[in-house]
Amino acid sequence: MKHNIIFFLTTSILLTACGTDNMNTPIGSTETPKQVIVTGVRNISGASIIYYDRPNDQNLKYVKAVWTTDDNIEYNQTASFYTDSILVDGFGQEGDFKVKLYSVSAGETASEPVEVSIHPERPPYLVAYDKLQILPNFMGIRVLSENETAAKLTFRTFKKDTVANEYVEVGTDYAISRDIEYYNRGHAADTLQYFRVQVRDRWGHWSPPKDAACSPWFETELSKSLFSEVALCNLSGDGSSVPDQTGYLLPTNFWGHKMHSWSGSDVQFRYLYNGTALGSSSQCYHTKPAAPLPQHFTLDLGAQYNLSRFVMWPRNDAPNLFRGGHPQIIRIYGASYNGPDPEQLVDNIYDQDAWLDLGIFYISRADGSFDPYPGTADRTAEDDALLEKGHEMILKATDQKIRYLRVQTLKCFSTNTTSGAVMISEISVFGSDK
């Protein structure tokens, strides 16, 4: 009996071992499949697409491409039986290269290769380098470029340490969009400084450095004593001809909404810029409850400026911080007209010739979340620090000065996404009149 048990266990182990070996062995025909017939090549930035006709061969499981790039790295790519093309990429330079295409069976038997000549065009990271611009901006630089294929690119920014006579990295930015624009700030104003930018692709290729000497612009907070409200939609200056708000049905681009009031309140438009951020919660900008979103207000800055930042503080009371009428999505526009006559302003905020898009901004809690607080006691110390500093919005740079701002609230922290009061304690605007 003992010998029978030992024999059974030994046999089981051997059978299990054999089964494991079979699992690692390709299953299917090992007969060599027929070769594909290449029908064309499309050369693109940093890559090529090879098109082919598949053979009428049941042994063909997939097509494999093998190639070596200009930096002597071998890559391979496969395409299933059901496709008629394959992408080869990873090239760091434009040039002529050879690709070998193999037909592979289910049993992993490969055919003789079909050799294809390709000529990938200038790769995305070098195209971005060619179009790279390093421009002075507020307290730093603005970097512009084009990424025609929306490739994953990394931009490294350096600044020259004139004492050590070497460049030191001061920032890294990532981009996958076609239009590249980013800012590197925190540098002295009105002082000539030397900056450098390099572009890297996901294959590890680095562009040559592009250098520029820039004097960052001085930035200051704009004088609120010059600010005033602008009433569009043919409203009188004192707001007496506000359209009927019965049912809160207002024109889509209406300049604003009637102010809400309650016992003890002192709600006025001018409290947007009276210099008391996080002051009395009853002295603020507060529109009527249930008014439809989006809502707008238009501000005359009193002079022409190159704008850099917009800072907003919400109404200062616990029940409405990161709740209720605390703005969450804001879009800011600047008027293309910047003269002294507000009557020259076009009312339609979506007229791109009249209003320049300065950016859309998503306001979150300190932890990055967008959910409203379930209760007033849920605010954290980090949230309090954020509220004290205010919600900062970096405005898109424009090639012209701006006098009129139009601020559009698209959504608040309220759970009602289509209507509600907008509550703001204070705003500040930064830029320069130089």
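Position 1 is the first residue of the sequence, and the numbers go up from there.
No side-chain donor-acceptor contact under 3.5 Å links Thr409 and Gln295. With no hydrogens or angles considered, a side-chain donor-acceptor pair links Ser308 and Glu219 at under 3.5 Å. A donor atom on one side chain and an acceptor atom on the other are found under 3.5 Å apart for Glu181 and Tyr183. Of the N and O atoms on the side chains of Asn416 and Ser414, not one donor lies less than 3.5 Å from an acceptor on the other residue. Side-chain contact annotation: Lys159 with Gln193, donor-acceptor N/O pair under 3.5 Å present. Counting only N and O atoms by type, the side chains of Asp96 and His119 include a donor and acceptor under 3.5 Å apart.
Residues Tyr62 and Phe81 place their aromatic rings such that the two centres sit no closer than 6.0 Å. Note: His391 and Phe361 fail the aromatic proximity criterion, with ring centroids not under 6.0 Å apart. The ring of Tyr182 has its center closer than 6.0 angstrom to the ring center of Phe155. Aromatic ring centroids of Tyr75 and Trp203 lie under 6.0 Å apart.
Interatomic distance, Ile402 CD1 to Leu358 CG, rounded to the nearest 0.5 Å: 5.5 Å.
For Ala65 against Val88, the heavy-atom pair with the smallest separation is CB-CG1, 4.0 Å. The minimum heavy-atom distance between Trp67 and Val99, with the atom names listed, is CB-CG2, 3.9 Å.
Among residues two or more places apart in sequence or in another chain, the ring-ring contact (aromatic ring centres under 6.0 Å, His included) test is passed with Tyr51 by none. Applying the salt bridge (Lys or Arg N to Asp or Glu O under 4.0 Å) test to Lys401 and every residue at least two apart in sequence or in another chain returns nothing.
We find that Asp201 and Lys152 are not joined by a salt bridge, their nearest charged nitrogen and carboxylate oxygen being 4.0 Å or further apart. A salt bridge is absent between Asp173 and Arg156: the closest approach of a Lys/Arg side-chain nitrogen to an acidic carboxylate oxygen does not fall below 4.0 angstrom. Ion pairing of Asp89 with Arg202 is present here, as a side-chain N (NZ or NE/NH1/NH2) and a carboxylate O approach within less than 4.0 Å.
With Phe413 as the aromatic partner, Arg323 does not meet the cation-pi criteria of under 6.0 angstrom to the ring centre and within 45 degrees of the ring axis.
Evaluation of the salt bridge (Lys or Arg N to Asp or Glu O under 4.0 Å) test over residues 50-78, restricted to residues two or more places apart or in two chains, returns none.
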